[in-house]
Protein chains: 2
Amino acid sequence: MSVRHTGVTTDPAILRDDEQMACDVREVLDRIGDKWTVLVINELAHGVRRFRQLQRCVQGISQRMLTLTLRRLERDGLVVRTVYPTVPARVEYALTPTGHSLTFVLKAVADWAAEHRHTVIESRAHWDSGTGEPGPGLERPRRTGQPGRAASAVD
Amino acid sequence: MSVRHTGVTTDPAILRDDEQMACDVREVLDRIGDKWTVLVINELAHGVRRFRQLQRCVQGISQRMLTLTLRRLERDGLVVRTVYPTVPARVEYALTPTGHSLTFVLKAVADWAAEHRHTVIESRAHWDSGTGEPGPGLERPRRTGQPGRAASAVD
DNA sequence: CAGTATCCTGGACGATACTG
DNA sequence: CAGTATCGTCCAGGATACTG
């Protein structure tokens, strides 16, 4: 398989029985895997933003979800909230250093997406046309492969 | 914090009005952001696995979810399914090159998690002790900050 | 402007039973 | 062993209304 990594990191990606690593990933995903978090972070990566600005930029987000998302990010120390005691109130949100460091990870994810989008879309289309199932109804587990031998023993 | 990227990529992570990038990330997250996908991928990163093996290793996953997760991965071309026509049937799952390439991204995420876990946990604890709210009930938006000036004008 | 409070719905996920 | 089929639950998230 050889993998073709840039030669930078050690190598065996997530390999090894590092159950810990998988655990770490799940933790992060529990935080940023939701519908809005990365979109908000992305917007804040551009600079300080006020509540309304965010709601306008992050197309489609409701007040409720923007509030919840920002609260969670603040709680985790990824975002700082600054209130200016004016009338009406003015509130600004900005990424903390930790929050900013996360943008680099997101960049890595985005890069992977960009590089493999076509492959994935193709594969998906091929799968969907398999039986004629046009939608992502997810079915079709057939194909009695003839890979060499026929299994040696039990489990 | 300086972030410490290898010096490879340009720099401003997700910066720039690359709404596209945020979009890419969301796409991937829609696929791997669920409860089991990364755990299954992590297990498969160790090598070829059979259905039952996976169910045993990925602690807590139900048959239904394992099937669904594997189907989605197969549909996206991240996993290959091989059926050996024995009785009872024997089915093996393995990562495709694309799937394997994803493990490197997951590694990056895991690394970030490992590096910032303490900071996040601390911040979270601090937030929770803010009012006395012990649980992640997520509240408390108070604090009438006194950051220098008092805002110049409206919006 | 910047929120909070309610109500409601779809879909993710778990539990269980059955099949080739 | 490797699934499929069904049913039930829970909660993320949307819609809407009200407040300082």
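Numbers restart at 1 for each chain; the letters A, B, ... are given by sequence-line order, proteins then strands. The shown structure was predicted, so the numbers you read here are calculated from the model rather than taken from an experiment.
- Considering only heavy atoms from C-beta on, A:V28 stays 4.5 Å or farther from A:D24 through its side chain.
- For the pair A:Q53 CD and C:dC1 C1', the computed distance is 12 Å after rounding to whole Å.
- A:E74 has its CD atom 14 Å from the P atom of C:dA2, to the nearest Å.
- Protein atom CZ of B:F51 is 6 Å distant from nucleotide atom C1' of D:dA2, rounded to whole Å.
- Atom CZ of B:R50 is separated from atom P of D:dG3 by 10 Å (rounded to the nearest Å).
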Give each protein N/O atom lying under 3.5 Å from an N/O atom of nucleotides 13-20 of chain D, with the pair distance.
from, atom 1, to, atom 2, distance (Å)
D:dG13, OP1, A:K35, N, 2.9
D:dG13, N7, A:R64, NH2, 2.5
D:dG14, OP1, A:K35, NZ, 2.8
D:dG14, OP2, A:W36, NE1, 3.3
D:dG14, O6, A:R64, NE, 3.2

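- For the pair B:L66 CG and C:dA12 P, the interatomic distance rounds to 17 Å; values are reported in whole Å.
- Here B:R117 pairs with A:E27 in a salt bridge; the nearest charged N to carboxylate O distance falls below 4.0 Å.
- Using a 4.0 Å cut-off between charged side-chain N and carboxylate O, B:K107 and B:D111 make a salt bridge.
- Look at A:K35 and B:D30 and you find no salt bridge, because none of the NZ, NE, NH1 or NH2 atoms lies under 4.0 Å from a carboxylate O.
- Checked by atom type, the side-chain pair A:Q55/A:R52 shows a donor-acceptor distance below 3.5 Å.
- Separating the CZ atom of B:R71 from the C1' atom of D:dT4 is a distance of 10 Å, rounded to the nearest angstrom.
- Between B:Y93 and the phosphate of D:dG3, there is a side-chain N or O to OP1/OP2 separation shorter than 4.0 Å.
- Ion pairing between A:D76 and A:R72 fails under the 4.0 Å rule for side-chain N and carboxylate O.
- Spacing between atom CZ of A:R31 and atom C1' of D:dA12 amounts to 13 Å, rounded to whole angstrom units.
- We find that CZ of A:R81 is positioned 7 Å from P of C:dT4, with the value rounded to whole Å.
- Remark: B:R52 is in phosphate contact with D:dC1, judged by side-chain N or O atoms under 4.0 Å from OP1 or OP2.
- Checked by atom type, the side-chain pair B:Y93/B:R81 shows a donor-acceptor distance below 3.5 Å.
- For A:R26 (side chain) and B:D34 (main-chain N/O), a donor-acceptor pair under 3.5 Å exists by modelled atom type.
- With a cut-off of 3.5 Å on both pairing distances, the Watson-Crick and G-U wobble pairs of DNA chain C assemble into stems of 3 or more at C:1-20 with D:1-20.
- Taking the side chain as every heavy atom from C-beta outward, B:V40 and B:L73 approach each other to under 4.5 Å.
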